[in-house]
Amino acid sequence: MALRDDYLENPAKRVKLRIRRLLRRELPLSTIYLARFLIGKTIVREISGARLAGRIVETEAYLTGDAACHAFRGQTPRNKSLFLGPGHAYVYFIYGSSFMLNVSSVKAGVGEGVLLRAAEPLEGIDVMQRYRGTDRLVDLARGPGRLAEAFDIDRSLDGVDLCSRGPLWLGTSVREPARIGESVRIGINVDADRVLRFYERGSPFISGTRKLNVS
DNA sequence: AGTGCGATTGACT
DNA sequence: GTCAATCGCACTA
């Protein structure tokens, strides 16, 4: 793939793409629509003068009444950011090893959100390679824990407004996504049959098995 | 205060 | 393909 080869030949290249912050009113009010909408949009991390950017290629929706949603049993100290209203970061720690980044949805007081599961590195690739300890472009943010590690995301960013100037925000698309595929969510044991995972078909940057990418 | 487990990852057969 | 590591949190008492 030409795009990938270009990246590999220029690993330290510091491109600066034209990306503007998404306005809160641009976010779909439905969490499922938001999960689809975010495919192809960008996630931008500003840290000590550097800018990291990735193109979101895989998401999952977590809904009210959904037993797999962390807010299923109401608000707790951990999940409170899910209830902040649309466009806030909900960051949590899981398996003793990984952070996960979600975008809160709907409206204040409602605990729904979208998990960002994978991104295509765009800017700050050399910095991501350092955080991740690998040079392989497709492995930098392929999977939710890897995405958080590549972007240096931890609980200090929990609750951050993703539609405001700050250390982490959502940006416009730099390239329209290919056709969007759907599947069941990955790693879920309850409400496991619901089709709430979305991804850019054909992207080498998505997680999951071949089997899940056929739909 | 104790317990069970998870929206995963990396190492290994 | 399989599997153990690892720890914060929610739940029970």
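Below, each value reflects all heavy atoms present in this structure, side chains not excepted, and no hydrogens, waters or symmetry copies. Predicted, not measured: the structure shown is a model, and the values here were computed from it. In the text below, chain A, chain B and the rest are named by the order of the sequence lines, each starting its count at 1.
- The list of salt bridge (Lys or Arg N to Asp or Glu O under 4.0 Å) pairs with a residue in residues 61-77 of chain A, not counting sequence neighbours, reads Asp66(A)-Arg185(A).
- With 3.5 Å as the limit, one finds no donor-acceptor pair spanning the side chains of Gln129(A) and Tyr131(A).
- There is no side-chain donor-acceptor pair under 3.5 Å between Thr172(A) and Arg20(A).
- Whole-Å rounding puts the Arg132(A) CZ to dT8(B) C1' distance at 11 Å.
- For the pair Asn79(A) CG and dC11(C) C1', the interatomic distance rounds to 14 Å; values are reported in whole Å.
- Between Ser105(A) and Glu112(A), the side chains place no donor N or O within less than 3.5 Å of an acceptor N or O (distance only, hydrogens not considered).
- With 3.5 Å as the limit, one finds a donor-acceptor pair spanning the side chains of Glu58(A) and Ser207(A).
- Taking only distance into account, the side chain of Tyr95(A) never meets the base of dA5(C) through a donor-acceptor pair shorter than 3.5 Å.
- Across all strands, Thr76(A) comes closer than 4.0 Å only to sugar-phosphate atoms, never to a base (heavy-atom distances).
- Put simply, CD1 on Ile186(A) is 8 Å from P on dT8(B), counting in whole angstrom units.
- With respect to the salt-bridge test (charged N to carboxylate O, under 4.0 angstrom), the residues Arg51(A) and Glu123(A) qualify.
- For Arg155(A), no side-chain nitrogen or oxygen approaches OP1 or OP2 of dC7(C) to under 4.0 Å.
- Relative to the six-membered ring of Tyr92(A), Arg78(A) meets both conditions, a distance below 6.0 Å and an angle of at most 45° to the axis.
- What separates CZ of Arg142(A) from P of dA7(B) is a distance of 20 Å, to the nearest Å.
- Proximity note for Ser97(A) (side chain, C-beta onward) versus dC9(C), dG10(B), dT8(B): the nearest is dT8(B).
- Rounded to an integer number of Å, the gap from Asp154(A) CG to dC7(C) P is 15 Å.
- The nearest whole Å value for the distance from the CG atom in Leu140(A) to the P atom in dT9(B) is 13 Å.
- Per the geometry, OH belonging to Tyr62(A) stands 13 Å off P belonging to dG6(B), to the nearest Å.
- Residue Phe93(A) contributes atom CZ, which lies 16 Å from atom C1' of dA10(C) at whole-angstrom precision.
- Each of Arg146(A) and Val114(A) has a nearest nucleotide on DNA chain B; the 5'-most of these lies closest to Val114(A).
- Among the nucleotides dT9(B), dG6(B), dG8(C), the one closest to the side chain of Ile94(A) is dG6(B).
- The strand DNA chain C forms stems, runs of 3 or more Watson-Crick or G-U wobble pairs with distances below 3.5 Å, at B:1-6 with C:7-12, B:8-12 with C:1-5.
- In the set dA7(B), dT9(B), dA10(C), the nucleotide with an atom closest to the side chain of Pro77(A) is dA10(C).
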